[in-house]
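In each ligand, atom 1 is the first atom listed, and ligand 1 is the first ligand listed. FYI, side chains are in, hydrogens and waters are out, and symmetry mates aren't considered; it's all heavy atoms of this structure. Note that the coordinates shown come from a computational prediction; the quantities given were computed from them, not determined experimentally.
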Amino acid sequence: MIEREESALERLDKLLASTGRWSRREVKELVRQGRVRADGRVVLKPEEKLDPAASLTVDGAPVDFATFVYLMLHKPAGLLSATEDRDQPTVLDLLPPELKRRGLFPVGRLDKDTTGLLLLTDDGDLAHRLLSPKKHVDKVYLAQVEGRTDRADAAALAAGLVLGDGLRCLPAGLEPLGDGSRCLVTLREGKYHQVKRMLAARGKPVVSLHRLSMGTLTLDEGLKPGQWRFLTPQEEEELRRLVTST
Ligand code: URA
């Protein structure tokens, strides 16, 4: 939740962008169109400094500083799925400062070399539910492997693999693609290095791994590695429904 200091004045564009609802560029446009008011007065410049306690409206609707922010990121390889690290860059480094300050965190982890869908939010409750082993939220990965996956691998994962260290995996999906050197893996849990360990146990070590979806949320194909966007209200609602109904 965002903290609103009573004293220091803040730029309007920064204040509105901090809600996660609009980018600074969008704020500029809203202001240009005369759609933003502070304490009833139309704001004329996006850089105008305001008391953060001012009552802000956009198109007459009060700006809600209390709601949560949800965004999907196309995680590139080479970044940690963490909020901070002393030595290495994290996925948070891809976000603008006003969003970083909101205390967003990744929902679950992808390995440093794994790419693809990462959900970031400051909604601890939704994150907790999505990650809860009881909810069994499907995660779909595209894996490139050494060798070729086949129907025997699919059957073994469907039966529930037991890994070398005794870890018993829940039944998982595997669908070989093309010649089998690529496959889709669907997990209903998220143990450490799980896809890599499962495929290694089948003698098909992972060469690269990419997450395509998590529950109802699918990586937007328009996002290049490193890019992100806010979830649509519909995507938010579908996720919420998924974890309250299952
Ligand atoms: N399984 C893995 O092995 N690595 C990931 O990053 C995600 C799932």
Side-chain angles (χ1 to χ4, degrees), residues 71-85 87-94 104-121 126-149 153-154 156-177 180-221 223-228 239 242-243:
L71 56 93
M72 70 162 78
L73 167 73
H74 185 163
K75 179 191 174 297
L79 295 185
L80 296 181
S81 299
T83 50
E84 56 186 347
D85 188 86
D87 308 314
Q88 301 186 60
T90 76
V91 289
L92 266 291
D93 293 329
L94 296 168
L104 296 178
F105 56 87
V107 179
R109 281 170 189 262
L110 292 178
D111 297 335
K112 188 174 170 186
D113 58 353
T114 300
T115 59
L117 175 67
L118 198 57
L119 170 66
L120 289 115
T121 185
L126 186 87
H128 178 73
R129 287 160 183 263
L130 283 169
L131 296 174
S132 162
K134 287 192 208 127
K135 296 288 177 191
H136 288 180
V137 171
D138 280 354
K139 270 87 59 182
V140 181
Y141 296 87
L142 175 64
Q144 171 88 42
V145 299
E146 276 177 35
R148 293 178 182 192
T149 52
D153 298 318
L157 264 70
L161 276 184
V162 180
L163 301 180
D165 58 4
L167 176 73
R168 183 174 286 278
C169 301
L170 289 176
L174 185 149
E175 182 190 334
L177 298 175
S181 61
R182 294 191 321 147
C183 62
L184 293 176
V185 176
T186 304
L187 294 189
R188 316 193 80 192
E189 55 188 341
K191 303 256 171 15
Y192 184 62
H193 289 335
Q194 190 165 350
V195 174
K196 292 176 183 165
R197 288 159 73 199
M198 287 165 93
L199 288 169
R202 296 295 305 166
K204 322 272 162 79
V206 166
V207 176
S208 68
L209 193 60
H210 179 81
R211 183 156 67 188
L212 294 167
S213 66
M214 180 179 195
T216 50
L217 191 63
T218 300
L219 181 63
D220 186 331
E221 288 179 7
L223 292 177
K224 299 198 178 78
Q227 292 184 329
W228 60 273
L239 276 184
L242 176 72
V243 290

Listed partners of Lys191 passing salt bridge (Lys or Arg N to Asp or Glu O under 4.0 Å), at least two apart: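 Residues passing salt bridge (Lys or Arg N to Asp or Glu O under 4.0 Å) with Lys191: Glu189.
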
So, the side chain of [X] versus the backbone of [Y]: is there a donor-acceptor pair under 3.5 Å, distance only?
X	Y	value
Arg182	Leu142	no
Thr149	Pro176	no
Asp111	Asp113	no
Arg211	Gly116	no
Lys204	Arg148	yes

What does the list of residues with a heavy atom under 4.0 Å from ligand 1 look like, ordered by chain and number?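 Near ligand 1, by chain and number: Leu110, Asp111, Thr114, Tyr141, His193, Gln194, Val195, Lys196, Leu209.
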
